[in-house]
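Beneath this line is the structure, given in structure tokens, with notes to follow.
Reckoned from all heavy atoms, side chains included, excluding hydrogens, waters and symmetry mates. Chain letters run A, B, ... following the sequence lines, proteins first and then strands; every chain starts at 1.
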2 protein chains.
Amino acid sequence: MDPAPASPRLTAALALLRTRGERVTPARRAVLQVVDAADGAEEHLTAEQIGARVAALEPTVHRATVYRTLTSLTDAGVLSHVHLGGTATVYHLTATEPERAGTSEAEVGTAAYGHVHSGHAHVQCVECGRVLDVPPEALEGVAARLLDDLGFTLDTSHAALLGRCSDCT
Amino acid sequence: MDPAPASPRLTAALALLRTRGERVTPARRAVLQVVDAADGAEEHLTAEQIGARVAALEPTVHRATVYRTLTSLTDAGVLSHVHLGGTATVYHLTATEPERAGTSEAEVGTAAYGHVHSGHAHVQCVECGRVLDVPPEALEGVAARLLDDLGFTLDTSHAALLGRCSDCT
DNA sequence: CTGCCTGCAAAGGATTTGCACTCAT
DNA sequence: ATGAGTGCAAATCCTTTGCAGGCAG
């Protein structure tokens, strides 16, 4: 009856974690669960926010542990982070493989573009802070050019571009 | 005999400052002088670094004042900042008009951070931290697309893109 | 069992704020 | 003169670290 009995991505993450020789503990499970849930809701959480939710979910887990966990899980490749607005760093599960979000993405109408995960790039509104996902292909041109001209390999999903969203223009 | 008797840009900045109804004080002069000097050297300074240099230049100016000054000068439009690597925020004079830096830029300096100025976009190497300038036009494609699809107005010079430079690939 | 991971608590570093005073205008 | 700007110092905020004990493997 629970809506999300055990996200397949969460399971995969835990498996990967063990593969990497890391231990699976309650704290790590809680962190991954929180991040996975946020991913599903297209939310971008900072270390602090993750800490808060973990605290709500598993009060025995200490803040410090959350920070250490985020670091080790990222090192292990289970988590990835994106730098937003030059200020915040948000975490998400490292998408092992591109998933097919059932939703009809590609739409522009409302707010977001598509979903989180994989190689998405991000843009953030400097006014309202909202984060929008951008299909990686949107940056292909720049990426190619940077590689050509500067030999610079662009990581399209590591940092957010800034600007103003339609609501704040 | 001083190498930089009084940078025209510094003078202009001070003038603009007054125009905006802001007062010209020793502290602000010092901050602007430090930032202008760094600009000339194609350096990117964080608030903290600016604070350090101001302290060396004008020991009576308090750290807190530097922070407040950076904020007000930015609000006044005299200074602008760029977010690097998603972590650091660096300041530079707002280029009132595109200037011709005598130096042969476009090239990657030696170590540290590189470059500044007007509408340049920035890319930063996640490995060595080096910052490269990118002509704004390189992002025109993305910018157009974001505006079209999302109504998002991209600010190409506000945040740095991340990746790996040729040396660190 | 062994040592990786955790809880706790205290340290740390960067930025901010209240308040009274000073100086630019 | 008059209030924007400043100095000082304490207060925050977020994150990290040293240690001893506990649990995963």
Helix axis bend for the helix from C/dC1-D/dG25 to C/dT25-D/dA1 - C1'-based end axes, five pairs, 10° rounding: 40°
Where protein sits on nucleotides 16-25 of chain D, one letter per nucleotide: B base, S sugar-phosphate only, - none, heavy atoms under 4.0 Å: BBB-----BS
By the salt bridge (charged side-chain N to carboxylate O under 4.0 Å, His left out) test, which pairs, at least two apart or in different chains, include something from [range]?
range: residues 159-169 of chain B; result: B/Glu127-B/Arg164, B/Arg130-B/Asp167
range: residues 139-159 of chain A; result: A/Arg145-A/Asp149, A/Arg145-B/Glu137
range: residues 49-66 of chain B; result: B/Glu43-B/Arg53

Going by ring pair (Phe, Tyr, Trp, His ring centres under 6.0 Å), name the pairs with one or both residues in [range], residues two or more places apart or in two chains.
range: residues 17-43 of chain A; answer: none
range: residues 124-151 of chain A; answer: none
range: residues 7-38 of chain A; answer: none
range: residues 47-71 of chain A; answer: none

Range on DNA chain C touched by chain B, heavy atoms, distance below 4.0 Å: C/dA14 to C/dT25
Side-chain donor/acceptor pairs under 3.5 Å, residues 73-82 of chain B, sequence neighbours excluded:
from, atom 1, to, atom 2, distance (Å)
B/Thr74, OG1, B/Leu70, O, 2.6
B/Ser80, OG, B/Thr94, OG1, 2.6
B/His81, NE2, B/His158, NE2, 3.4

Candidate pair B/His83 and A/His83, rule ring-ring contact (aromatic ring centres under 6.0 Å, His included), full reasoning: CA-CA 10 Å; B/His83 298 294; A/His83 298 294; over 10 Å; no
Sugar-phosphate, base or nothing in reach of B/Thr69, heavy atoms under 4.0 Å: sugar-phosphate
Atom pair distance, as rounded to whole Å: CD in A/Gln49 and P in D/dT15: 10 Å
5' precedence on DNA chain D between B/Arg28 and B/Pro59 (nearest-nucleotide basis): B/Arg28
side-chain hydrogen bond (donor to acceptor under 3.5 Å, both in side chains) partners for A/Arg29, two or more places apart: none
